[in-house]
Amino acid sequence: MLSAGAAMGAGLALGIRPLAAQGADEIVLGGSIPLTGVFAFAGIGIHAGIQDYLKIVNDAGGVEGRKVKYVAEDTGYKVDASVAAFNKITSQEKVSLYYGDSTGFSKTINPELERRGSILMAGASFASELNDPKKYPLQFMAGPDYSEMFGILLRYIANEKAGAKLAFVYSDTEFGRDPIGPSEALAKTLGLEVVEKIVTPPGSVDVSTEVLKLRRARPDFTIFHGYVLAPIPEFITQAKQMGLASRFMGTFWSMDNSTVERMGEAADGFMGVMPYRYYYDTEGESPMLEKIRQMRPEYQSTAYLQGFVTALLMCEAAKRTLAAGKELTGANLKAGLNSIKDFDTGGLFGVPISIPGNSVPVGRIYAFDGKAKQMKPASDWIRLEA
């Protein structure tokens with residue numbers, strides 16, 4: 001984890017710049033970006049991904065001839081700092097697009113988004129609550145929400161082993177609790193049995209008592225949610241030492257290849273859901289991944305891809321709005337976004353995508369290959385019904 005000073009330095013190196021006068025023909029994408037704090041590892045990747053996609057767009061002439069200007073502020077992953085950043089940026093720029101750093105910020109700023117009516121927002125959160133076009137009409141997420149991620153995992157499990165026994169292990173946070181209730185109901189519908197639910201504090205904790213619960217329950221599959229890394233390796237290591245044959249799975253923020261690799265021996269066979277292809281994926285055609293690899297020859301994280309894809313979808317919404325001769329209002333931008341149907345993202349998603357609501361309900365199961373030290377596909381692409 002980068003120190004605050006080092007992370008800010010990295011952020012500045014990546015191009016956060018002072019607010020400057022806006023050109024009349026510019027589209028402004030503002031951002032509350034956590035370059036310091038507990039989510040800095042992701043924020044720095046997100047920040048770079050947004051910048052790289054906008055460089056590609058601007059080098060090609062912009063969106064319908066209009067350059068996209070990115071103005072971001074570090075938030076330290078704190079809601080009050082995110083709101084302050086939003087207020088600062090929007091007071092000095094005519095912002096049409098905005099990236100938010102958390103579920104808390106997305107929920108807090110929503111009334112202001114609706115009051116202004118001029119901004120389309122997305123961000124780091126895949127919270128199920130935000131996937132409601134009536135309550136959050138000017139927001140979206142660049143992938144499946146957390147309940148949809150579980151839905152993709154559960155459909156894979158049901159196909160692998162009918163009547164499988166499941167354990168859900170999740171953090172005692174809003175993030176952790178998010179998909180648990182709906183996923184229990186879906187598991188029942190799919191003929192799967194949830195035999196254990198375990199709640200822990202986020203981060204490093206003693207999990208020996210919880211692992212005993214897993215051993216007693218003997219689940220075929222154990223799904224972790226609401227964590228990035230710890231305590232997942234501790235659970236897997238101790239469970240394997242006890243001879244538990246469960247297959248262990250995670251959701252998006254636990255699926256970065258370098259993060260999984262840090263699990264050590266526990267990583268081998270770890271599975272989970274990813275909406276995008278990995279940086280190193282050369283399967284089939286993916287011109288956007290090729291561009292990324294040309295721009296950045298070293299591995300780029302899933303957070304980078306999330307920022308890149310979010311910027312891509314925002315720009316596509318703006319392109320469709322302007323091409324239709326409409327103003328860049330929040331409602332027009334959202335309508336432009338929702339007109340996306342069977343759209344090719346240049347291979348970032350492995351299948352063409354549609355965005356009928358606030359999410360992109362597509363994903364694939366990957367499993368970590370200990371010898372190759374890479375997440376490898378374990379399923380075809382799975383689409384959920386809209």
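- Of the listed residues (Phe175, Phe41, Phe39), just one forms a ring-ring contact (aromatic ring centres under 6.0 Å, His included) with Trp253, and that residue is Phe39.
- For Lys376 and Asp369, the salt-bridge test fails: no basic side-chain N is under 4.0 Å from an acidic carboxylate O.
- By the ring-ring contact (aromatic ring centres under 6.0 Å, His included) test, Phe150 is found to be paired with Phe168, His225, residues two or more places apart in sequence or in another chain being considered.
- Ser359 pairs by the side chain to side chain contact (heavy atoms under 4.5 Å, CB included) definition with Asn131, Met141, Glu148, Pro361, not counting sequence neighbours.
- Listed by chain and residue number, Tyr156, Glu160, Phe221, Met271 satisfy the side chain to side chain contact (heavy atoms under 4.5 Å, CB included) test with Arg247 (two or more places apart in sequence, or in another chain).
- Within the structure, side-chain hydrogen bond (donor to acceptor under 3.5 Å, both in side chains) pairs that include any residue of residues 308-324 comprise Glu316-Arg320, Arg320-Ser339 (at least two apart or interchain).
- Classification of the Tyr70-His47 ring pair by plane angle, with boundaries at 30° and 60°, yields tilted.
- Here Glu93 pairs with Lys69 in a salt bridge; the nearest charged N to carboxylate O distance falls below 4.0 Å.
- Not counting sequence neighbours, the partners of Ser171 by the side chain to side chain contact (heavy atoms under 4.5 Å, CB included) test are Thr173, Pro202, Tyr227.
- In this view, Asp172 and Arg177, Val199 satisfy the side chain to side chain contact (heavy atoms under 4.5 Å, CB included) rule, not counting sequence neighbours.
- Within the structure, salt bridge (charged side-chain N to carboxylate O under 4.0 Å, His left out) contacts touching residues 30-53 (residues at least two apart or in different chains) are Asp52-Arg296.
- In this structure Phe270 satisfies the ring-ring contact (aromatic ring centres under 6.0 Å, His included) test with no other residue, sequence neighbours excluded.
- The stretch residues 222-236 participates, sequence neighbours left out, in no salt bridge (charged side-chain N to carboxylate O under 4.0 Å, His left out) pair at all.
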Output a table of donor-acceptor pairs, distance under 3.5 Å, between side-chain atoms of residues 342-358 and any protein atom two or more places apart or on a different chain; print 'none' if there are none.
| from | atom 1 | to | atom 2 | distance (Å) |
| --- | --- | --- | --- | --- |
| Asp344 | OD1 | Gly346 | N | 2.9 |
| Asp344 | OD1 | Gly347 | N | 3.3 |
| Thr345 | OG1 | Leu348 | N | 3.3 |
| Thr345 | OG1 | Phe349 | N | 3.1 |
| Ser354 | OG | Asp342 | N | 2.9 |
| Asn358 | OD1 | Lys334 | NZ | 2.6 |
| Asn358 | ND2 | Leu130 | O | 2.9 |
| Asn358 | ND2 | Tyr136 | O | 3.0 |
| Asn358 | ND2 | Gln139 | O | 3.3 |

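- Phe235 is linked by a ring-ring contact (aromatic ring centres under 6.0 Å, His included) to Phe224, counting only residues two or more places apart in sequence or in another chain.
- Scanning for ring-ring contact (aromatic ring centres under 6.0 Å, His included) contacts around Tyr280 gives Tyr278, with sequence neighbours left out.
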